[in-house]
Amino acid sequence: MDRPPRRGRPAPYQPPRDSKLVRYGLIGGGGFAVAALAYTVLWFIGASQLKAGVEEWIAQRPATGLSATVGRLEIGGYPLAFKLIARNPKLDFSPPPGSGQAAWSAGFARAVAETAPWRPREFRIELTGEHNFEFGSGSGRQALRGETGRVRAAAAFDSEGFPEFLSLDLRRIGLEIGRGRPAYAVASAQLSAERRPGGDGEGSTPDLRFRIAAEGVNAPALPRLPLGNALQRVSLEARLVGDFPLENVLESLGAWRDRGGTLELDKVDIRYGQLGVQASGTLALDRNLQPIGALTARLEGFPGAIDALREAGIIRPRDAAVAKLVLGALARRPAGGGPRTLSLPLSVQDRKLSAGPVPLMDIPEIRWPEMAGETYRLRLLR
């Protein structure tokens, strides 16, 4: 006899898969909408605070001798950045009487400062349009104007407001005195400075490392220089070793020197007129805060450079003759051909530059400004 089929429990109800997807989508979409709304509110609050902070900073500048004006200030960049757009910004500095500082002003057509909401201590700035600069006052006033292909700067600050990184990128800079009279020009230049921990482990003094790379630098507005007013190329990599507090300038320099502070020139590559220089070495300050140091250099085209310095009266004729004789005997022509090159030590001592045993020229004295009793701190975010 056949048995009837056994009946089991009914299977639990399973909603259709499509309805689950719809429910999860609604939940996810609702969560995203709430998060987006919250982010939007926070963005506008942050943008308003940023604009208010800049306006407050502008209002407080006259007390420091620096005044700032803006034709119009706007905020944009939503949602990925805060963009502060300043139309016709201008800075004017009027030094206190007897300070020895020079007055100056700088005006720009448009400046854009940008920062990301999640990196509020990192900034990028770009300048566009026509720029105007003035230096000095009265009969010594000099006015410059011009347009640039590109001016971009970037900076990052620590919690105390000290810069940890600065960079400047310049392209096709051309400034004129008056109308049509070239004054200064730069084909390209990149400058950067960065604070890094020292190399002696935890608690070591941070180094300031900086790089400069420029091409096509020309300054026809300057008095005629011995090797010409055009610098074809300059490349520099250096480290400022030792803690350098940004307070009273003279006291800081003296304290930095006494603690063994040095400027380490890791790489120098210059092409100036007939002279090519590749060097590395160390510079410091003596008891009178004048430069001293020792470098190892490779020189090319030095005979013509010595003649130009002699004709300009920078090197005495007797010293020039001795330098050409001694250095010429030490020079060697490269195996692959080309101009003779010379590898030798350079030294700076008692304001004299010497190439090996041969004194070349006197170095002008650096006259530091008198700032005793005054304190200058770099607190850019305070």
Side-chain angles (χ1 to χ4, degrees), residues 58 61 65-74 84-95 100-114 123-155 166-193 210-236 269-275 308 311-312 314 364 369:
I58 291 175
R61 288 312 90 196
L66 177 69
S67 64
T69 58
V70 176
R72 188 171 62 182
L73 196 61
E74 303 172 351
L84 187 67
I85 305 168
R87 312 279 182 176
N88 300 315
K90 187 177 182 182
L91 297 173
D92 289 280
F93 176 69
S94 299
Q101 298 171 284
W104 59 266
S105 69
F108 310 95
R110 184 174 183 264
V112 178
E114 181 178 345
F123 297 87
R124 293 184 297 274
I125 300 174
E126 183 171 0
L127 305 175
T128 57
E130 182 177 303
H131 313 311
N132 296 277
F133 305 93
E134 294 183 7
F135 303 93
S137 58
S139 59
R141 174 178 167 273
Q142 185 180 49
L144 302 171
R145 62 170 295 277
E147 293 191 7
T148 59
R150 181 169 74 193
V151 178
R152 291 178 181 172
L166 298 171
S167 72
L168 183 63
D169 185 8
L170 307 177
R171 291 285 189 278
R172 301 188 306 279
I173 306 298
L175 296 177
E176 300 176 347
I177 299 177
R179 292 188 175 275
R181 180 184 168 193
Y184 304 97
V186 177
S188 67
Q190 297 83 40
L191 302 87
S192 66
F210 53 94
R211 295 180 176 86
I212 299 173
E215 294 184 355
V217 180
N218 197 6
L222 296 179
R224 175 70 180 177
L225 300 177
L227 301 183
N229 288 32
L231 185 66
Q232 293 96 319
R233 180 183 73 248
V234 58
S235 177
L236 172 67
D269 185 0
I270 298 173
R271 188 71 190 189
Y272 174 38
Q274 306 173 60
L275 184 63
E311 293 173 2
I314 297 176

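In this chain, numbering begins with 1 at the start of the sequence shown. These numbers come from the heavy atoms of this one structure, side chains and all, not from hydrogens, waters or symmetry mates.
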| request: Salt-bridge test for R152 and E126: reply yes if a basic N is under 4.0 Å from a carboxylate O, no otherwise. | output: yes
| request: May I have the step-by-step check of side chain to side chain contact (heavy atoms under 4.5 Å, CB included) for K90 and S105, ending in yes or no? | output: CA-CA 7 Å; K90 187 177 182 182; S105 69; 4.3 Å; yes
Kindly compute the distance separating [atom1] ([X]) from [atom2] ([Y]), expressed to the nearest 0.5 Å.
X: S167; Y: L191; atom1: OG; atom2: CG; answer: 9.0 Å
X: L73; Y: L84; atom1: CG; atom2: CG; answer: 4.5 Å
X: E215; Y: S188; atom1: CD; atom2: OG; answer: 4.5 Å
X: S94; Y: W104; atom1: OG; atom2: CH2; answer: 10.0 Å
X: L225; Y: L231; atom1: CG; atom2: CG; answer: 10.5 Å
X: L170; Y: L168; atom1: CG; atom2: CG; answer: 4.0 Å

| query | Any donor and acceptor pair, going by atom type alone, linking the side chain of N132 with main-chain N or O of R145 inside 3.5 Å? | reply | no
| field | Backbone of R150 reached by a side-chain donor or acceptor of D169 within 3.5 Å | value | no
| request: Decide side chain to side chain contact (heavy atoms under 4.5 Å, CB included) for T148 and L127; before the verdict, give the C-alpha distance in whole Å, the side-chain angles of both, and the deciding distance to 0.1 Å. | output: CA-CA 8 Å; T148 59; L127 305 175; 5.6 Å; no
Nearest heavy-atom neighbours spanning [X] and [Y]:
X: F133; Y: A106; answer: CD2-CB, 3.7 Å
X: P226; Y: A308; answer: O-CB, 3.6 Å
X: N229; Y: A219; answer: ND2-O, 2.8 Å
X: Y272; Y: Q232; answer: CA-OE1, 3.4 Å
X: A183; Y: P220; answer: O-CD, 3.1 Å
X: E134; Y: A143; answer: CG-CB, 4.1 Å

| Derivation of the side chain to side chain contact (heavy atoms under 4.5 Å, CB included) call for F210 and L166 | CA-CA 9 Å; F210 53 94; L166 298 171; over 6 Å; no
| task | For residues L144 and I177, determine if any side-chain heavy atom of one lies less than 4.5 Å from a side-chain heavy atom of the other. | result | yes
| query | Would I270 and L236 satisfy side chain to side chain contact (heavy atoms under 4.5 Å, CB included), going step by step from the backbone distance to the final call? | reply | CA-CA 8 Å; I270 298 173; L236 172 67; over 6 Å; no
